Amino acid sequence: MEAGDDTIAAIATPPGRGGIGIVRVSGPATALIAKNLLASVPAPRVAVYRDFCDADGKPIDSGIALYFPAPNTFTGENVLELQGHGGPVVMDLLLARTLELGARQARPGEFSQRAFLNGKMDLAQAEAVADLIDSATATAARGAQRSLSGDFSQEVRSLSRQVAELRAFVEAAIDFPEEEIDFLADKTLLERLQALSEKLTKTLSATRQGVLLQEGLRVVIAGQPNVGKSSLLNALSGSDTAIVTHLPGTTRDLLREQIHLDGLPLHIIDTAGLRDTDDLVEQHGIYRARGAIAEADIVLLVVDASLGVTEIDRVLLAELDSARKCVVVRNKIDLAGESATILQGKFGSEVALSAKLGLGIELLRDCLKQQVGYEQGDEGSFTARRRHLDALRRAEQHIAVAYQCIQGARAGELMAEDLRAAQQSLGEITGEFSNEDLLDLVFSEFCIGK
């Protein structure tokens, strides 16, 4: 893909009323638009107060205008920012005037897309722009800023350079077959491959943390009626989100609450009690509950501590696929005479607590972090996407196969191919190797005006 040769414009501030609204323009016609709209092109990077005029020279609004000439701009093109009053009608009139003067409405993320295509940032950094805007916690925001500044990209490029150096050595050995046996038998090559594999593993671990910071953790509370699911939601969120009664079937739909756990965003969903019922509304609630369970990262299966895991609970545990993490929550320990604790039971991790009294809630929080390997603190953390994880895993697999090639059959050609594939997988993260469909998918998730 290449950056467009047309000029784009968009409202860069959120919809609605506000003290200030911003219209952003980028492209080759920016200076001409500025001249017609402001009577003259402002001096570069100097904030000036101007009237923003319509075709008849009458003011639409007045405010601050900033002109940034290429190439030292966010997009790498001429950029104009108009900071006026943030009323929706005023903003729409101002945007319409820029379109009248030759710009077109920008697509979602098109300013960031042009920055990527013009070499102002790589693809991982461009994605970090959206991550910073969408950050749900302060830790996630700081992680997104690190990704935007290039920390994650530098890590990936370092890996790619190491792969490229190994690939050059192997391909040189192939080009000079009389030296191939000695070269492929060199222990140094195996050691370098092993070191590369270890560094990939470390980067994968950090990237998993980055994905958690960016996407958060989807936690679904499930179980039979009257085991305390809604009380647990209230205890975790610290508010009376769900209605709690002694009557079974009180919760009939999905209740959602978003909190954060030491910087980790948690999307908690309370569900209808799982049981056989003739109530049509409750049946719909149970159907939605099973759908939420299927999409969960972690399922909290709540059971009555005095009854333990019943046959109905065992059926649910059997239905959860191996990729779905499950924690058994033994609730109502205050009635069962038990103490708050966390242990590894027959069905995996179990937490004994009292949602009503708040006993053991911190143990459950610790258990959730352990389940996904989340470490508290944001020192050196960065945000990442699932596609980054996928690319790193593929690179790791190719390096593992390359190691087997050299350790077993000493097949230099096969090893070189796996190293090439590993390098390409890493290049997909930063956009060195990308296709138009991927770029369209990435930038379509951005807000308009960014």
Side-chain angles (χ1 to χ4, degrees), residues 1-3 76 109 111-135 140-168 193 195-216 372-373 378 380-402 416-446 450:
M1 292 183 66
E2 295 181 356
F111 289 91
S112 296
Q113 186 176 33
R114 290 193 174 198
F116 165 69
L117 294 173
N118 288 324
K120 291 297 178 178
M121 61 177 70
D122 63 38
L123 193 54
Q125 289 175 296
E127 289 169 306
V129 172
D131 293 344
L132 185 58
I133 293 170
D134 295 334
S135 297
R142 285 189 284 267
Q145 181 58 47
R146 290 192 184 95
S147 290
L148 181 56
S149 66
D151 287 8
F152 180 42
S153 299
Q154 289 173 14
E155 186 75 16
V156 172
R157 288 197 182 94
S158 175
L159 286 167
S160 186
R161 279 195 300 271
Q162 291 184 49
V163 175
E165 290 169 1
L166 282 171
R167 183 181 169 191
L193 272 171
L196 177 59
S197 179
E198 291 173 358
K199 187 172 182 180
L200 257 173
T201 300
K202 184 178 179 181
T203 303
L204 261 170
S205 177
T207 305
R208 289 189 190 96
Q209 294 280 316
V211 172
L212 285 174
L213 282 177
Q214 193 269 327
E215 295 186 358
V372 294
D378 64 346
S381 62
F382 51 79
T383 55
R385 303 290 184 92
R386 289 190 186 271
R387 77 169 192 89
H388 302 156
L389 263 183
D390 175 64
L392 285 167
R393 283 173 181 145
R394 282 187 280 115
E396 185 181 46
Q397 290 168 1
H398 288 303
I399 294 300
V401 174
E417 176 58 25
D418 278 298
L419 290 174
R420 183 202 64 77
Q423 188 178 3
Q424 181 162 333
S425 295
L426 294 171
E428 290 175 10
I429 295 174
T430 56
E432 181 182 353
F433 300 102
S434 59
N435 58 57
E436 189 168 338
D437 290 339
L438 171 63
L439 297 183
D440 287 342
L441 178 63
V442 167
F443 290 106
S444 66
E445 298 174 354
F446 282 51
K450 192 55 181 174

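Values in this document were obtained by computation on a predicted structure and should not be read as measured data.
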Kindly indicate, with the supporting measurements, whether the criterion side chain to side chain contact (heavy atoms under 4.5 Å, CB included) is fulfilled by Ser112 and Glu127. CA-CA 9 Å; Ser112 296; Glu127 289 169 306; over 6 Å; no
Take Arg385 and Asp390 through the salt bridge (charged side-chain N to carboxylate O under 4.0 Å, His left out) test and state the conclusion after the steps.
CA-CA 9 Å; Arg385 303 290 184 92; Asp390 175 64; over 6 Å; no
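- Leu204 meets the side chain to side chain contact (heavy atoms under 4.5 Å, CB included) test with Arg208, Leu389, Leu392, Arg393, Glu396; sequence neighbours excluded.
- Relative ring orientation between Phe443 and Phe116 is described as tilted, the plane-to-plane angle lying within the 30° to 60° band.
- Proximity of a side-chain donor or acceptor of Ser425 to a complementary backbone N or O of Ala421 within less than 3.5 Å is detected.
- Scanning both residues, Ala126 and Phe446, for their nearest heavy atoms gives O-CZ, 2.9 Å.
- Within the structure, salt bridge (Lys or Arg N to Asp or Glu O under 4.0 Å) pairs that include any residue of residues 152-167 comprise Asp122-Arg157, Glu165-Arg192, Arg167-Glu171 (at least two apart or interchain).
- Here the closest heavy-atom approach between residue Ala422 and residue Ile399 is recorded as CB-CD1, 3.9 Å.
- Remark: the backbone N or O of Thr383 is not paired with any side-chain donor or acceptor of Gln214 at under 3.5 angstrom.
- Residues passing the ring pair (Phe, Tyr, Trp, His ring centres under 6.0 Å) test with His398, sequence neighbours excluded: none.
- A donor-acceptor pair under 3.5 Å is absent between the side-chain atoms of Ser197 and the main chain of Leu193, judged by distance alone.
- The backbone N or O of Val211 sits nowhere less than 3.5 Å from a side-chain atom of Arg386 that would complete a donor-acceptor pair.
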